[in-house]
Peer 1: 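This is the structure, below, for whatever I ask next.
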Number of protein chains: 2
Amino acid sequence: MAEQHELREKGLRLTPQRELVLAAVRELDHATPEEVAERVRLTHPGINLSTVYRNLETLENVGLVQHSHLGHGGATYHAAEVLTHLHLVCGACGAVGGAPIEVAANFVNTLADDYGFKTDVTHFAVYGTCATCAQAEL
Amino acid sequence: MAEQHELREKGLRLTPQRELVLAAVRELDHATPEEVAERVRLTHPGINLSTVYRNLETLENVGLVQHSHLGHGGATYHAAEVLTHLHLVCGACGAVGGAPIEVAANFVNTLADDYGFKTDVTHFAVYGTCATCAQAEL
DNA sequence: GTAGCAAGTGCAAATCTTTCGCAATTAGCA
DNA sequence: TGCTAATTGCGAAAGATTTGCACTTGCTAC
Ligand SMILES: [Mn+2]
Ligand SMILES: [Mn+2]
Ligand SMILES: [Zn+2]
Ligand SMILES: [Zn+2]
């Protein structure tokens with residue numbers, strides 16, 4: 001038995017569209033479904049937006065992809081293996097910064113110990129004002 | 001000079017719709033625009049949904065109301081004066097718990113000191129798994 | 001290899017949520 | 001008591017996401 005493709009291992013059929021959606025998510029880092037579609041269209045112009053939505057959902061169900069919320073609007077998608085940083089979103093300029101997850105370790109532990117709550121700090125962004133904008137406000 | 005209505009103090013016209021929208025937000029605690037509209041309709045059946053949206057925006061601009069994001073979808077509105085707790089949203093059962101802001105004080109300070117980022121911990125919910133659901137998973 | 005079947009796709013239409021244009025109404029001021 | 005600009009209601013528009021359905025295609029069993 002030869003080694004299986006990662007999608008087949010998850011019990012999914014291997015279609016060009018599905019492979020390309022996964023590849024696009026991996027290349028892009030927090031991309032919207034529309035952005036994923038654009039990327040896929042570079043090599044597969046015919047792909048339908050609803051196919052992208054359906055595959056993102058499927059890939060999320062098997063744990064290859066995850067979504068998070070960076071702004072007031074819709075979700076953005078990450079490859080599951082790289083979701084290892086916090087998103088710092090500036091409400092003033094819209095910039096999305098990053099910070100290592102460890103920054104939140106203490107906070108996460110407190111919530112676990114005091115509330116029994118297991119936090120996924122990457123699902124929602126951390127909202128506030130970035131250094132540049134905070135400076136400008138003075 | 002008599003004391004002014006709080007809306008007039010903010011430079012806003014006093015309309016029945018606007019007063020009712022504010023009252024509804026205060027009574028409901030994190031309500032969607034649609035829920036606010038429903039509540040207002042109890043006493044003012046004719047109110048239009050777009051009036052609710054416009055008033056929520058107006059009230060937010062003058063600081064009487066704030067929105068935050070508790071789920072994957074749209075925003076929910078709080079009276080500004082009560083937005084003093086974190087929201088702990090369980091991805092498994094949907095429950096929305098609360099925790100005092102102080103729980104995040106350390107986290108907020110770290111982000112300020114190390115990244116110059118001024119965090120508003122109430123804008124996005126803290127996402128994860130509640131104690132009950134974490135228990136059930138075992 | 002080939003046939004059969006279920007999963008996946010494209011397309012168009014349906015939903016849902018939020019925003020907008022505009023004419024009619026109304027609050028606040030003179 | 002009027003004037004004027006802000007506000008409202010209404011319908012339509014704009015986006016974003018989902019859905020139904022006929023067609024295609026990947027995988028499995030023969
Ligand atoms: Mn927001
Ligand atoms: Mn989500
Ligand atoms: Zn900024
Ligand atoms: Zn739960």
Side-chain angles (χ1 to χ4, degrees), chain A residues 1-25 30-41 43-62 64-65 67-77, chain B residues 1-25 30-41 43-62 64-65 67-77:
Chain A
M1 152 123 35
E3 73 278 13
Q4 286 200 66
H5 188 284
E6 62 182 327
L7 290 174
R8 304 255 46 233
E9 276 174 359
K10 300 288 186 177
L12 300 178
R13 282 203 187 168
L14 190 50
T15 69
Q17 291 92 333
R18 185 165 287 162
E19 262 191 299
L20 288 166
V21 166
L22 179 55
V25 170
H30 60 76
T32 62
E34 185 63 59
E35 289 163 344
V36 170
E38 256 171 60
R39 178 62 164 242
V40 172
R41 282 193 201 110
T43 50
H44 189 104
I47 197 170
N48 193 274
L49 190 51
S50 64
T51 300
V52 173
Y53 273 97
R54 285 189 280 228
N55 274 317
L56 287 172
E57 188 181 350
T58 301
L59 293 170
E60 184 157 32
N61 286 339
V62 298
L64 288 170
V65 150
H67 78 266
S68 48
H69 302 275
L70 304 187
H72 305 202
T76 59
Y77 289 81
Chain B
M1 154 127 26
E3 72 279 15
Q4 286 198 65
H5 189 283
E6 62 181 328
L7 290 175
R8 305 255 45 236
E9 276 174 359
K10 300 287 186 176
L12 300 179
R13 282 203 188 168
L14 191 52
T15 68
Q17 291 92 333
R18 185 164 288 163
E19 261 192 299
L20 289 166
V21 166
L22 178 55
V25 169
H30 60 77
T32 63
E34 185 62 59
E35 288 164 345
V36 170
E38 255 172 59
R39 178 63 164 243
V40 172
R41 282 194 201 110
T43 51
H44 188 105
I47 197 170
N48 193 276
L49 189 52
S50 64
T51 300
V52 173
Y53 273 96
R54 285 187 283 228
N55 274 317
L56 287 171
E57 188 182 350
T58 301
L59 293 170
E60 183 157 33
N61 286 339
V62 299
L64 288 170
V65 150
H67 78 266
S68 47
H69 302 274
L70 305 188
H72 306 201
T76 60
Y77 289 81

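Note that the structure is predicted; figures quoted are calculated from it, not measured. A, B, ... follow the sequence lines: proteins, then strands. Residue 1 opens every chain.
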Peer 1: Which heavy atom of A:Glu34 sits nearest a heavy atom of A:Arg41, and at what distance?
Peer 2: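 Nearest heavy atoms, A:Glu34 then A:Arg41: OE2-NH1, 3.9 Å.
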
Peer 1: Answer with base, sugar-phosphate or nothing: what part of the nucleic acid does B:His44 contact at a heavy-atom distance below 4.0 Å?
Peer 2: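 The residue B:His44 makes sugar-phosphate contact but no base contact.
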
Peer 1: Pick base, sugar-phosphate or nothing for A:His5, based on heavy-atom distances below 4.0 Å to the nucleic acid.
Peer 2: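 Touches nothing.
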
Peer 1: For the pair made of NE2 in A:His67 and C1' in D:dT17, what is the distance, rounded to whole Å?
Peer 2: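 Those two atoms, NE2 and C1', are 13 Å apart.
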
Peer 1: Any idea which heavy atoms bring A:His5 and A:Glu19 closest together, and the distance?
Peer 2: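 Smallest heavy-atom distance, with atoms named: NE2-OE2, 3.1 Å.
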
Peer 1: Check whether any side-chain heavy atom of A:Leu64 sits under 4.5 Å from a side-chain heavy atom of A:Leu7, and report yes or no.
Peer 2: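 Touching, per the 4.5 Å side-chain cut-off.
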
Peer 1: Any side-chain N or O of B:Asn48 less than 4.0 Å from the OP1 or OP2 oxygen of D:dT7?
Peer 2: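 No, because none of the side-chain N or O atoms of B:Asn48 sits under 4.0 Å from OP1 or OP2 of D:dT7.
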
Peer 1: In whole angstrom, give the distance that lies between atom CG of A:Asn55 and atom P of C:dG8.
Peer 2: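 In whole Å, C:dG8 P lies 8 Å from A:Asn55 CG.
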
Peer 1: For A:Arg8, report the nucleic acid contact type (base, sugar-phosphate, nothing); a contact means any heavy atom under 4.0 Å.
Peer 2: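 The residue A:Arg8 makes sugar-phosphate contact but no base contact.
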
Peer 1: Starting at atom CD of A:Glu57, determine the distance to atom P of C:dG8, rounded to an integer number of angstrom.
Peer 2: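 So the two atoms are 12 Å apart, to the nearest Å.
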
Peer 1: Can you give me the closest heavy-atom contact between A:Arg13 and A:Arg8, atom names plus distance?
Peer 2: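 In terms of heavy atoms, the two residues are closest at CA-NE, 4.5 Å.
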
Peer 1: For the pair made of CG in B:Leu22 and C1' in D:dT7, what is the distance, rounded to whole Å?
Peer 2: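 So the two atoms are 16 Å apart, to the nearest Å.
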
Peer 1: Which residue in the set A:Val52, A:Val40, A:Asn55, A:Val25 passes side chain to side chain contact (heavy atoms under 4.5 Å, CB included) when paired with A:Leu20?
Peer 2: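 Answer after filtering A:Val52, A:Val40, A:Asn55, A:Val25: A:Val40.
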
Peer 1: In whole angstrom, give the distance that lies between atom CG of A:Asn61 and atom P of C:dG8.
Peer 2: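 These atoms are roughly 11 Å apart.
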
Peer 1: What is the distance from CG of B:Leu56 to P of D:dT7, rounded to the nearest Å?
Peer 2: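 Result: 14 Å.
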
Peer 1: I need the CG-P distance between B:Leu7 and D:dA6, as an integer number of Å.
Peer 2: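 Atom CG in B:Leu7 sits about 17 Å away from atom P in D:dA6.
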
Peer 1: Remember a base hit wins even if backbone is also touched, and classify B:Gly46 as base, sugar-phosphate or nothing at under 4.0 Å, heavy atoms.
Peer 2: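 Contact class for B:Gly46: sugar-phosphate only.
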
Peer 1: Checking side chain to side chain contact (heavy atoms under 4.5 Å, CB included) for the pair B:Val21/B:Ile47: CA distance, chi angles, key distance, verdict?
Peer 2: CA-CA 10 Å; B:Val21 166; B:Ile47 197 170; 4.2 Å; yes

Peer 1: Quick one, which residues of residues 11-21 of chain B touch DNA chain C with a heavy atom under 4.0 Å?
Peer 2: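 Here the set is B:Arg13, B:Leu14.
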
Peer 1: Regarding B:Thr58, tell me which of base, sugar-phosphate or nothing describes its non-hydrogen contacts under 4.0 Å with the strands shown.
Peer 2: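 The residue B:Thr58 makes no contact with any strand.
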
Peer 1: What is the separation between atom CD1 on A:Ile47 and atom P on C:dG8, rounded to the nearest whole Å?
Peer 2: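 From A:Ile47 CD1 to C:dG8 P: 14 Å.
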
Peer 1: Which heavy-atom pair separates A:Pro33 from A:Leu49 by the least distance, and what is that distance?
Peer 2: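 Here A:Pro33 and A:Leu49 meet closest at O-CD1, 4.2 Å.
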
Peer 1: If you assign each of A:Arg54 and A:Leu49 to its closest nucleotide in DNA chain D, which residue comes earlier from the 5' end?
Peer 2: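 Nearer the 5' end of the strand: A:Leu49.
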
